[in-house]
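All remarks here apply to the structure that follows.
Labels below follow one simple rule: chain letters A, B, ... track the order of the sequence lines, proteins then strands, and each chain is numbered from 1.
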Protein chains: 2
Amino acid sequence: MAFQSELEVFRKFLKNQGMRYTPEREAIIKEIFSIHDHFDVDGLYISMRRKGLRVSKASIYRLIPLLIEANLIAEVFFDKGQTYYEHIYGHEHHCHLRCKECKKIEEFSDPRLKDLEKELSERFGYKILTHKLQVIGICSKCQAKEDSA
Amino acid sequence: MAFQSELEVFRKFLKNQGMRYTPEREAIIKEIFSIHDHFDVDGLYISMRRKGLRVSKASIYRLIPLLIEANLIAEVFFDKGQTYYEHIYGHEHHCHLRCKECKKIEEFSDPRLKDLEKELSERFGYKILTHKLQVIGICSKCQAKEDSA
DNA sequence: AGGCTTATTGATACTGAGTTACAATTTCTT
DNA sequence: AAGAAATTGTAACTCAGTATCAATAAGCCT
Ligand SMILES: [Zn+2]
Ligand SMILES: [Zn+2]
Ligand SMILES: [Zn+2]
Ligand SMILES: [Zn+2]
């Protein structure tokens with residue numbers, strides 16, 4: 001099966017659900033898939049406005065659950081009232097190492113988590129869908145700052 | 001060193017910080033440590049009211065960051081606008097397997113996560129503080145429901 | 001024990017993310 | 001081209017969490 005673009009995948013998803021493909025949805029998806037980083041609704045809205053793309057925040061809020069349902073994006077973490085997302089379509093699954101002080105993020109993946117998923121599935125009888133591992137620490141720069149303080 | 005109760009630990013923490021030990025704080029902590037499960041602010045508040053313990057929600061909200069700072073409790077997850085916490089003082093660190101449908105939670109721990117922490121520490125130069133692993137799946141009961149649907 | 005300083009409390013007002021209601025508009029099917 | 005139904009933007013709303021502030025109380029010092 002040939003690789004399908006995010007837009008194609010989403011069009012099919014919408015059709016399946018009896019939902020409609022609109023210019024607003026297209027604009028938001030294009031914007032999301034042009035940002036190759038973690039993003040939040042407010043940042044997305046602001047960057048769209050700056051480009052003259054006028055969609056309401058309500059439409060963004062309404063679209064996000066659909067993109068999650070369609071496995072195009074996923075929630076990565078929630079910090080201080082902000083929910084952050086990232087693309088997952090076409091990306092290897094990965095986890096996040098975050099600096100508690102400066103909020104810097106490192107991404108990593110580890111095959112042991114797949115093994116663990118398998119074991120949990122057998123042990124508890126769950127069908128495993130995904131996992132989210134956040135490791136929290138202090139980066140080298142922030143450690144240096146702390147030591148000199 | 002002998003085992004110290006949560007209250008003792010917290011009294012020392014407060015003293016260290018030049019803060020005061022009040023009946024309200026004591027009541028909240030006792031309530032929290034009598035609940036051996038994940039809890040949220042609203043549930044805590046309601047169960048205290050039912051027992052005739054009158055403290056304001058503001059005091060609960062103000063206390064929680066202190067208990068986290070003192071390593072007595074930790075945030076476990078955030079779901080649909082609710083933040084859930086659990087005791088960590090005197091408990092082994094563990095992670096959570098959650099059913100997406102019915103929200104049931106299984107706890108588990110795995111020594112491989114400690115190894116992973118160590119490797120990440122070396123690879124990225126971080127001082128690792130903790131990790132939070134959430135595995136999301138569908139429990140056997142909910143799988144059965146889905147199949148028959 | 002009494003007095004003083006300063007932290008804490010509860011009430012209330014506020015903030016900000018996310019949701020909802022609804023009339024106007026647009027998509028999609030036939 | 002017409003009509004049913006979904007989607008849009010606006011504005012009102014919800015609700016967790018925070019900030020303000022006057023009244024109160026903890027802890028320290030004598
Ligand atoms: Zn840092
Ligand atoms: Zn990421
Ligand atoms: Zn279930
Ligand atoms: Zn737990």
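Pairing each heavy atom of B/Ala74 with each of B/Ile68, the nearest pair is CA-CG1, 4.5 Å.
Distance from the side chain of A/Glu24 is smallest for D/dG9 among the nucleotides D/dG9, C/dA17, C/dA7. The A/Ser56 side chain lies nearest to D/dT10 when the options are D/dT10, D/dC28, C/dT27.
For the residue pair B/Tyr21 and B/Arg25, no side-chain donor N or O sits within less than 3.5 Å of a side-chain acceptor on the partner. There is no side-chain donor-acceptor pair under 3.5 Å between A/Glu92 and A/Ser109. A side-chain N or O of A/Glu86 and one of A/His94 form a donor-acceptor pair less than 3.5 Å apart. No donor-acceptor contact under 3.5 angstrom links the side chains of A/Glu75 and A/Tyr84, judged on distance only. Side chains of B/Glu107 and B/His38: a donor-acceptor N/O pair is present below 3.5 angstrom, by distance only. Using a 3.5 Å distance cut-off with no hydrogens or angles, the side chains of A/Glu106 and A/His96 do not pair a donor with an acceptor.
Protein atom CE of B/Met48 is 14 Å distant from nucleotide atom C1' of C/dG10, rounded to whole Å. In this entry the distance linking OH of B/Tyr21 with C1' of D/dT24 reads 19 Å, nearest Å. Between the CG atom of A/Asp40 and the P atom of C/dG18 there is a distance of 8 Å, rounded to whole Å. Atom pair B/Glu26:CD and D/dA26:P shows a separation of 11 Å (rounding to whole Å applied). Atom CZ of A/Arg49 is separated from atom P of D/dG9 by 10 Å (rounded to the nearest Å). Distance CG (A/Asn16) to P (C/dC28): 14 Å, rounded to an integer number of Å. Rounded to a whole Å, the CZ atom of A/Arg54 is 19 Å from the C1' atom of D/dT7. Straight-line distance from the OH atom of A/Tyr84 to the P atom of C/dG18: 10 Å, rounded to whole Å.
A centroid separation of 6.0 Å or more is found between the aromatic rings of A/Phe10 and A/Phe33. Aromatic rings from B/Phe3 and B/Tyr89 are positioned such that their centres are separated by under 6.0 Å.
Only A/Ala58, A/Ser59, A/Arg62, listed by number, bring a heavy atom of residues 57-83 of chain A to less than 4.0 angstrom from any atom of DNA chain D.
One finds no side-chain N or O of A/Arg25 lying less than 4.0 angstrom from the OP1 or OP2 phosphate oxygen of D/dA6. Look at A/Thr22 and you'll find a side-chain N or O under 4.0 angstrom from OP1 or OP2 of D/dT8.
Between the axis at the start and the axis at the end of the helix from C/dA1-D/dT30 to C/dT30-D/dA1 there is an angle of 40°, using five pairs per end and rounding to 10 degrees.
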